Amino acid sequence: MSETKSPHGGLTRRSFLKTTGAVAGAAAVAGAFTPALQALAQDSKAVDGDRGEEVFSTICRSNCFQACMLNAHVRDGKVRKMTRGNYPDEIYSGSCLRGLAIPERVYSATRIKYPMRRIGERGADQWERISWDEAIEEIAAKFTDIRERYGTRAVVYESASGNYGSIQGNSGMSVRFCNALEMTRLGVCYDVAYGYGTNRVVGGTIRGYPPEAKNMLHSKHILIWGANPVFAQPQTWRIIRRAQERGARLTCIDPMFSASAARSDEYVPVRAGSDLYVVLAMINEVISNDMINELYVKRHTTAPSCCARTTA
Ligand code: SF4
């Protein structure tokens, strides 16, 4: 791999430590569960007199994008349990077992809390605990070696959803960290071409921002396509269910007969990778049967004019 050396590309141990120290510091702060809760929730703290617990309002960070509000019950400096919190709009209040099980993750005996170095063969599951200084020293040496041999961009940071915390998450300090070290960033979870393609055709991207979820309550027909909200987006699923109870028809298109497919009014099994043909057939049906709202398409989408019935 060839690389143009940047005037800012020199990585000294000092600069690396400064960068990683800031990131590790932020992560450590964010990882310290009880102090973080206390700092976040001073205003929302309540005391459950019967049990001698303090109750802090917080939010689930289980990585499912649903952001359920939770109550953390703290006794003797330890989170004893989580219970459902309440948003002002009750439709968003709820939680699933992942959120309620947070204390088990926090206090799990298998949770990795310190830097560990592999000492055996890969796969042998043999590790030794090392200090943070040693870990930073070792990583800095590796980064430096790669950068000197191949250039700054040869160090790659790969991430996807994982954690979108503003401080320690993928949209937070890690971005600063990558920029500071001029790394390459990859996103292997998505086919980026798909995002660019849909943006050009219909004016939205894979990471587009659709209207608020509860708008689905006004839907007549909801299409679940290649998703399984029953497991992956329980908040959204609750709203879909309510819409269904109010008369919305639910269609699920998925190669797998998922839990969401099982609860849909109609399940359309497609062969994996053949979705495009289903989309094209649907567009053809709409245009051929004159069901297109030409004005709407022209005003509100970036679809090419062929969608606006220029077949003559
Ligand atoms: S749906 Fe479950 S995992 Fe997702 S934010 Fe809510 S409680 Fe957490």
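If you're wondering where the values come from, they're calculated on a predicted model, not measured in any experiment. All ligand and atom numbering here is 1-based and tracks the order in the structure.
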Enumerated ligand 1 atoms positioned under 4.0 Å from heavy atoms of [X]:
| X | answer |
| --- | --- |
| Gly99 | 7 (S) |
| Ser95 | 7 (S) |
| Pro234 | 1 (S) |
| Cys60 | 3 (S), 5 (S), 7 (S), 8 (Fe) |
| Ala67 | 5 (S) |
| Arg98 | 3 (S) |

Polar contact flag, side-chain donor to acceptor under 3.5 angstrom, [X]-[Y]:
| X | Y | answer |
| --- | --- | --- |
| Glu212 | Tyr92 | yes |
| Asn289 | Glu285 | yes |
| Trp225 | Asp254 | no |

Verify same cluster id: Val297, Met291 (apolar side-chain graph, 4.5 Å)
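Val297 and Met291: one cluster.
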
Would you mind reporting whether Ile102 and Cys60 have side-chain heavy atoms less than 4.5 Å apart?
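Yes, at least one pair of side-chain atoms sits under 4.5 Å.
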
